[in-house]
Asks: 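Let me give you the structure first, and then I'll get to my questions.
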Amino acid sequence: MSEKNSKNKNIIKEAVSFFIPIIIAIIIALFLKYVVLANAVVPTGSMKNTIDEKDRIIASRLAYINDSPERYDVILFEFPDDESLIYVKRVIGLPGETVQIVKGVVYVTKADGETIQLDDSFVTNCKPVGDYGPYIVPENSYFMLGDNRNNSHDSRYWDNTFVTKEKIIGKALFKYYPKIEKID
């Protein structure tokens, strides 16, 4: 074997050993981004004080593979009126339930007929106002509200009132910028 041939093989080995970890890192990053996690920047204050304007959040794309969203989950989803937009809101009404808002207070009639007044401890420090509904949540769909109730473009105002399960991207887990906090 000539010295030139040996030199070329060494260069190829070095290049391969250099690029393999980079290629593996890229594959792992793409897998995490498109299969495991979703990243979003929140453009408005509609979820104050849970999530502020310009906060960056991470959501789990795997959260609802075997489970369904539960009431009060904060989720990332494709906006029903324009699927190119990503929204973040709180699940309020579940499939088969009826949601009605009276003088800003949210009432849900569950599938079994029991009517409950929803917890609003996470709602922004203002008194929610307005009468809306009743909204009957279809199967495989969810009724969404922002925590900043008086300043949120949510299910009450959309042409397509409900978010279907297949449009849900993931469950919001935590904010990571400007500071790290769990999302409840």
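We use all heavy atoms of the structure for the numbers below, so side chains are in, but hydrogens, waters and symmetry mates are not.
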Asks: For the CD1 atom of Ile57 and the OH atom of Tyr176, what is their distance to the nearest 0.5 Å?
Replies: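 So the gap between those two atoms works out to 9.0 Å.
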
Asks: What is the ring orientation for Tyr87 with Phe79, classed by angle as parallel under 30°, tilted 30 to 60°, or perpendicular over 60°?
Replies: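 Answer is parallel, since the angle falls under 30°.
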
Asks: Starting from Ile12, can I reach Ile20 by hopping between I/L/V/M/F/W/Y residues whose side chains sit under 4.5 Å apart?
Replies: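 As far as the 4.5 Å side-chain criterion goes, Ile12 and Ile20 are connected within one cluster.
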
Asks: Whether the Thr161 and Ser155 side chains hold a donor-acceptor pair (N or O, under 3.5 Å, no angle test) is what I'd like checked.
Replies: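 The criterion, which ignores hydrogens and geometry beyond distance, is not satisfied for Ser155 and Thr161.
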
Asks: Check whether any side-chain heavy atom of Ile101 lies under 4.5 Å from a side-chain heavy atom of Leu145, and answer yes or no.
Replies: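 Sidechains of Leu145 and Ile101: in contact.
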
Asks: Is there a donor-acceptor pair closer than 3.5 Å between any side-chain N or O of Asp131 and the backbone N or O of Lys103?
Replies: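 Looks like yes, one N/O pair under 3.5 Å.
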
Asks: Does the side chain of Arg61 reach to within under 4.5 Å of the side chain of Ile169, using non-hydrogen atoms?
Replies: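 Heavy-atom side-chain distance check passes, below 4.5 Å.
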
Asks: Set out, in order, the CA-CA distance, both residues' side-chain angles and the distance that settles side chain to side chain contact (heavy atoms under 4.5 Å, CB included) for Asp120 and Val106, then state yes or no.
Replies: CA-CA 8 Å; Asp120 64 357; Val106 180; over 6 Å; no

Asks: Would you indicate whether Lys165, at its atom NZ, is surrounded by more than 12 heavy atoms from other residues, nucleotides or ligands within a distance under 6.0 Å?
Replies: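 Enclosed.
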
Asks: Does CD in Glu166 sit with more than 12 non-hydrogen atoms of other residues, nucleotides or ligands closer than 6.0 Å?
Replies: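 Enclosed: over 12 neighbouring heavy atoms sit under 6.0 Å from CD of Glu166.
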
Asks: Enter the distance from Lys9:NZ to Ile11:CD1 here, rounded to the nearest 0.5 Å.
Replies: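 Going from NZ on Lys9 over to CD1 on Ile11, the span is 13.0 Å.
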
Asks: Do Ile23 and Tyr34 sit in the same hydrophobic cluster, where Ile, Leu, Val, Met, Phe, Trp and Tyr count as joined when their side-chain heavy atoms come under 4.5 Å apart?
Replies: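 Shared cluster, yes.
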
Asks: With the side chain counted from C-beta on, respond yes when Glu78 and Leu85 share a heavy-atom pair under 4.5 Å apart, and no when they do not.
Replies: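 In short, these two side chains do not touch, never coming nearer than 4.5 Å.
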
Asks: Would Asp147 and Val123 count as a side chain to side chain contact (heavy atoms under 4.5 Å, CB included) here? Give the steps.
Replies: CA-CA 5 Å; Asp147 290 356; Val123 174; 5.5 Å; no

Asks: Who pairs with Asn66 by side-chain contact (heavy atoms from CB on, under 4.5 Å), at least two apart in sequence or on another chain?
Replies: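 None.
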
Asks: Just verifying a value: how many Å separate Met47 CE and Arg90 CZ, rounded to the nearest 0.5 Å?
Replies: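 Met47 CE to Arg90 CZ: 5.0 Å, rounded to 0.5 Å.
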
Asks: Heavy-atom count check: over 12 atoms from other residues, nucleotides or ligands less than 6.0 Å from Ile136 CD1?
Replies: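 Not buried by this count: 12 neighbours or fewer within 6.0 Å.
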
Asks: Are Asn150 and Pro128 close enough that some pair of their side-chain heavy atoms sits under 4.5 Å apart?
Replies: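 Heavy-atom side-chain distance check passes, below 4.5 Å.
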
Asks: Is it true that Val108 and Phe143 fall in one hydrophobic cluster, defined by side-chain heavy atoms closer than 4.5 Å?
Replies: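 In one cluster with Val108: Phe143, yes.
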
Asks: Do the side chain of Asn148 and the main chain of Gly45 share a donor and acceptor less than 3.5 angstrom apart?
Replies: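 Answer holds: yes.
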
Asks: Measuring only between side-chain heavy atoms, which start at C-beta, is Arg149 closer than 4.5 Å to Thr124?
Replies: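 The answer is no, as the side chains (C-beta and beyond) never meet within the 4.5 Å cut-off.
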
Asks: Output the distance between atom CG (Leu62) and atom CD1 (Ile65), rounded to the nearest 0.5 Å.
Replies: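 It is 5.0 Å, given to the nearest 0.5 Å.
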
Asks: About how many Å separate CG of Leu118 and OH of Tyr107, when rounded to the nearest 0.5 Å?
Replies: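 If we round to the nearest 0.5 Å, Tyr107:OH and Leu118:CG are 10.0 Å apart.
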
Asks: Please give me the minimum heavy-atom distance between Val99 and Gly93, naming the atom from each residue.
Replies: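 Shortest heavy-atom contact: CG2-CA, 3.7 Å.
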
Asks: Hey, what's the ring geometry for Tyr157 with His153, parallel, tilted or perpendicular (30° and 60° as the breaks)?
Replies: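 Rings of Tyr157 and His153: parallel, as their planes differ by under 30°.
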
Asks: Can Val74 be reached from Val42 by stepping across I, L, V, M, F, W or Y side chains whose heavy atoms are under 4.5 Å apart?
Replies: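 In one cluster: yes.
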
Asks: Donor-acceptor pair, distance only, cut-off 3.5 Å: does the side chain of Ser141 make one with the backbone of Val137?
Replies: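 No: the side chain of Ser141 does not pair with the backbone of Val137.
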
Asks: Scan side-chain atoms only and decide if Asp73 and Tyr142 contain a donor-acceptor pair under the 3.5 Å cut-off.
Replies: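 Per modelled atom types, Asp73 and Tyr142 side chains form no pair under 3.5 Å.
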
Asks: Do Arg71 and Leu94 have side-chain heavy atoms sitting under 4.5 Å apart?
Replies: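 They are in contact (side-chain heavy atoms under 4.5 Å apart), so the answer is yes.
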
Asks: Keeping Asp81 on the side-chain end and Asp159 on the backbone end, is there a donor-acceptor pair under 3.5 Å?
Replies: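 At least one qualifying donor-acceptor pair exists.
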
Asks: Honestly curious: do Ile168 and Val88 fall in one hydrophobic cluster under the side-chain, below-4.5 Å linking rule?
Replies: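 As far as the 4.5 Å side-chain criterion goes, Val88 and Ile168 are not connected within one cluster.
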
Asks: Side-chain donor-acceptor contacts of residues 177-184 below 3.5 Å, not counting sequence neighbours, with atom names and distances?
Replies:
unit_1 : atom_1 : unit_2 : atom_2 : d
Lys179 : NZ     : Glu181 : OE2    : 3.0
Glu181 : OE1    : Lys175 : NZ     : 3.4
Lys182 : NZ     : Asp184 : OD1    : 3.4

Asks: What are the two closest heavy atoms between Lys171 and Ala63, and how far apart are they?
Replies: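 Heavy atoms only, the tightest pair is CB-CB, 3.6 Å.
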
Asks: If you take all heavy atoms of Ser46 and Lys89, which pair is closest and at what distance?
Replies: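 Looks like OG-NZ, 2.7 Å.
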
Asks: Show the nearest heavy-atom pair for residues Asp112 and Glu114, with the distance to one decimal.
Replies: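 Scanning both residues, the minimum pair turns out to be OD1-N, 2.9 Å.
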
Asks: Would you name the heavy atoms of Pro80 and Val163 that are closest together and state the gap between them?
Replies: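 The answer is CG-CG2, 3.9 Å.
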
Asks: Mind checking whether Thr109 and Gln100 have side chains closer than 4.5 Å, heavy atoms only?
Replies: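 No, side chains not in contact.
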
Asks: How far does CG of Asn160 sit from CD of Glu83, to the nearest 0.5 angstrom?
Replies: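 Rounded to the nearest 0.5 Å, the CG-CD separation comes to 8.5 Å.
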
Asks: Are any non-hydrogen side-chain atoms of Tyr64 and Pro69 less than 4.5 angstrom apart?
Replies: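 SC-SC contact between Tyr64 and Pro69 confirmed.
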
